[in-house]
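What you see is a predicted model, and the numbers here were worked out from it, not measured in a lab. Order of the sequence lines sets the chain letters (A, B, ...), proteins ahead of strands, with each chain counted from 1. These values consider heavy atoms only, across backbone and side chains, with no hydrogens, waters or symmetry-generated copies.
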Amino acid sequence: MFSKNYGPSTGYGGNRTYSCYSSGDVDSALGFEDFLYTDDTSGTDEDLDLFVLFGNLRGNVVGLRYYTGVVNNNEMVALQREPNNPYDKNAVKVNNVNGDQVGHIKKELAAPLAYIIDNKLARVEGIVPYGAKNAFTMPIQMSFWGKEENKQAVLDRLKMHGFKMAPPLKGSELGFGSNLLSGRAGPSYSAPGHTAVQMTTEQLKSEFDKLFEDLKEDDKTREIQGPEVIGTQLLPHQKQALAWMILRENNKELPPFWEERNNFFYNTLTNFAEKERPENVLGGILADDMGLGKTLTTIALILANFHNGKPLPVEKIRCDQFYKVFGATSVKNEGDLPVKDHNCNLESSTSSGKSETVQAQLSSFYPERTKAKKPKYSERSDSEESEEWLPQETRTSCNFQEDTGFASALAAPSPALKKKAKQKGTSSIQLAKRDDSEEGPRTTLIICPLSVLSNWIDQLEQHISPDVHLNLYVYYGPDRSKDPELLSRQDIVLTTYNILASDYGSRGDSPLHKLKWLRVVLDEGHTIRNPNALQTKAALNLEAQRRWILTGTPIQNSLKDLWSLLSFLKLKPFADREWWHRTIQRPVTMGDQAGLRRLQSLIKNITLRRTKMSKIKGKPVLELPERKVFIQHVVLTEEERQIYQAVKNEGKLAISRYFSEGTVLAHYADVLGVLLRLRQLCCHPHLCTNTSSFSGTGVNNTPEELREKLVNKMKLVLSSGSDEECAVCLDSLTFPVITHCAHVFCKPCICEVIQSEQPNAKCPLCRNELRLEHLVECPLEESDFESVKKSDQEWIPSSKINALMHALIQLRKENPAVKCLIVSQFTTFLSLIETPLRESGFVFTRLDGSMPQKKRVEAIQCFQSSQAGSPTIMLLSLKAGGVGLNLTAASRVFLMDPAWNPAAEDQCFDRCHRLGQKQAVVITKFVVKNSVEENMLSIQNKKRKLAAGAFATKKPTASEVKQTKINEIKTLIDL
DNA sequence: ACCGCCGGGTGCC
DNA sequence: ACCGCCGGGTGCC
């Protein structure tokens, strides 16, 4: 059903197909999208986690002499079906870790294997115990993995062909095969005879939690001064990050799990060896918490570690030299040298005896630098600087600049320049000269969610001093240039995931994919955690020398989330999912300690992670003011209560009917509808206008009526704030369509499902029949407008609005300058609130999902302004903006209605409780007494606990998921 | 493959 | 000899 194809057609993972991986299974695809739970723990992935080891079988690989792929003793190999082989349709290829064919499985064995693989009865993995030095054939140890229910079929099929699988040996459940081998196993595996140490789920969980915790190492605590052209002083932890990033970009070490052994490069996980040196990632994951300044740090990196054409020579030498001198040598000799001294600039260090060496060494690379006195900014700004002061040089030289106040003395960009930078298209923030004769990529591509696009532009103009000639191109909007030449002349190209994906998807005219970039930065990089999403594929297919992932949440729910990230980083051999899964994911999820250690060392190697709680030199990285959350109960008026009870009783009746019929989940949209109406009534009676859509779901509708009904349901689902995600891709809905069974999916996703299940496609959620022609699309939204108008006409207050207004007026009395966010999931509610705000003379602004980007930026800037007369209130729709949204001007938050997902609430609070917040933040949650809202709170609490403990634990089974949902519905409606 | 298998050459010792 | 035996050709799927 959720057909997956890890083959070449997906364009990632190398040019190989792993048919055993190639598809999910219909029966297991029970990943209901969570309408109450919004995480994706019920993933629709291949259910590899449910696979067990059936057993092992010895076989032979033949035809070695026809292929170039070579293998080591004990090397892992991949088995790949080759149905189009002209000699045998059952052919099964054997490939080494690099994807080079080694041989074929001998045909007698290939026959049952082909059947097993083609019917997805098992995944078959191989290890060649005596892989080296075979001319014609070699043995192969195969392990069979699959779902318990398929085990017998596998055994039977093998038996039919005269093969008998050996049952899994005790202690070999982890499937590394090492115990099976009579020869000596690879060094990273437990020695033969010893069983791998397995951990309990509890242990595993706590290890996981620690995975990304403050990864401290020497090379991560060193600081480096920000480039002079950054007009802002970097915070200490940002300097550390910068130093670490520069180090990573000039990384000459072997990637993790590789060793050099007698002229070969050897992978200790797979036992693969090759002559060619495996490339390390020149980059990694900057996994700092939100608000620690990943953007600024990255801007500093772009300026500080500029590539000047030839493949890395200047920076490399510079950096190696830098670290050799300041990092390793000095620190070692002088013990705990204050970190700041590592950053000493050329001039100041020459005064000390020790540093003379430094100067000598450096000057051999940069004779002109040490001879010429550094010109003052004012002197050199326009003089085109003759000689040695090439623009690139200026940019990279910042590594050695002491912070002398020189940087801070730089002028802020002129308003004209600011304006220019904001326009789409090329904008030259500065005027200096650049050398266009340089070769090789020079452009950094930054991809971010649309919501933070303007933040990047702001920060670029804010922090880059005017003496830098920086070409920025915002690759966005319908008029974006598709000319790769133009893009390649930029220093920074900024775009969004949506643009990236749509360019990639639309016939090959994506200039982003034609270029080789100096550097690609994925901001909010966890956006690509779903390997099947188009944006992920598009990102994985970018070519770049250096690759960065910026994210506050590197692992959201499961280890699986990491794979796309690693694949993007092109860490051999993990870009190929099979090796990632066999060497890390499966061992870890099965509780193998060695596997966890591998994972830890991998993460440690490529990640810098600091949380808001992290400390640097004993001080917290971020000293955020306090944050308090109050729950304020609201009592409905008699009148409101009557309406509420009426709707509740009606809904309760319908839902109990579904329960007795056992069709609760099939009437999913209706249940959601009832709950939505109740939640709306808690806010304001006018929110609940579309009662018509719920009046029985008779099947005998004319198509037009049915269509209308379905469209209404879909709108309901989409606007219900249930945080709906597509059950197929687990991402937010794009091109939502609704099925006749009233479930909403992304159109492309569900079409793929239907296609792959021809002719009897079933709904992934309720197993009802599914037909392409029955999908109903969502018409363009105009609904918001109408309801706003409607509510304007006959305005009445509500208990909640009264409670809010009371609090606001009280607050204004105490402090008229204080700024508030008023947050709701219902934009109509926000509109209703506008009326009393106006009446009471509040100046307010508004931000919701329906606003075009330009208006949003305006609203944010306006609200953030400290000028007298600027708005003191922002009406904010809960999910507007996304993580990057910075509303630190506010110190009070009024959350008008509880969200299904407490994480969404927290994220919203973080918009003002973040770097830059100077005051204590007070949050007030309005909750109606004796209502669905109270019940939601208790579910939120459960969910919080679950989120804290869910990581790495086994995915709940389909029936557990169902039961949970059913229980939640019962809780919510008091059944 | 220092095998097995095939099929042509060959045929007392 | 409708055999045995010899030795060259050959060899994945």
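When rounded to the nearest whole Å, the span between CG of A/Leu64 and P of B/dA1 equals 13 Å. To the nearest angstrom, P of C/dC12 lies 12 Å from CD of A/Glu108. We find that CG of A/Asn84 is positioned 20 Å from P of C/dC12, with the value rounded to whole Å. For the pair A/Leu79 CG and C/dC12 P, the interatomic distance rounds to 19 Å; values are reported in whole Å. Rounded to whole Å, atom P of C/dC13 lies 5 Å from atom NZ of A/Lys106. Rounded to whole angstrom, the span from the CG atom of A/Asn60 across to the C1' atom of B/dG4 amounts to 14 Å. Distance CZ (A/Arg65) to C1' (B/dC3): 13 Å, rounded to an integer number of Å. If you measure from atom CG of A/Asp88 to atom P of C/dC13, you get 8 Å, rounded to the nearest angstrom.
The stretch residues 131-140 of chain A has no heavy atom under 4.0 Å from DNA chain C, so no residue of it qualifies as close.
Between the side chain of A/Asn119 and the backbone N or O of A/Leu121 there is no donor-acceptor pair closer than 3.5 Å.
Look at the P atom in both C/dC5 and C/dA1: the space between them is 16 Å, to the nearest Å. Rounded to the nearest Å, the gap between the C1' atom of C/dC13 and that of B/dC2 is 26 Å.
Side-chain atoms of A/Gln80 and A/Asn95 include a donor-acceptor pair closer than 3.5 Å.
With both pairing distances under 3.5 Å, C/dC2 is matched to nothing as a Watson-Crick or G-U wobble pair.
Side-chain atoms of A/Tyr66 and base atoms of C/dC13 include no donor and acceptor less than 3.5 Å apart.
For the OP1/OP2 pair of C/dC12 and a distance below 4.0 Å, the side-chain nitrogens and oxygens of A/Lys107 include no atom meeting the criterion.
The side chain to side chain contact (heavy atoms under 4.5 Å, CB included) search around A/Glu279 returns none, not counting sequence neighbours.
Geometrically, A/Arg65 does not engage A/Phe136 in a cation-pi contact, judged by NZ or CZ lying under 6.0 Å from the ring centre and within 45° of the ring axis. A cation-pi arrangement, defined by a distance under 6.0 Å to the six-membered ring centre and an angle within 45 degrees of its axis, is present between A/Arg547 and A/Phe568.
In this structure, A/His104 has its ring center no closer than 6.0 Å to that of A/Tyr66.
Between A/Arg586 and A/Glu578 there is no salt bridge, since no side-chain N of the basic residue sits under 4.0 Å from a carboxylate O of the acidic one.
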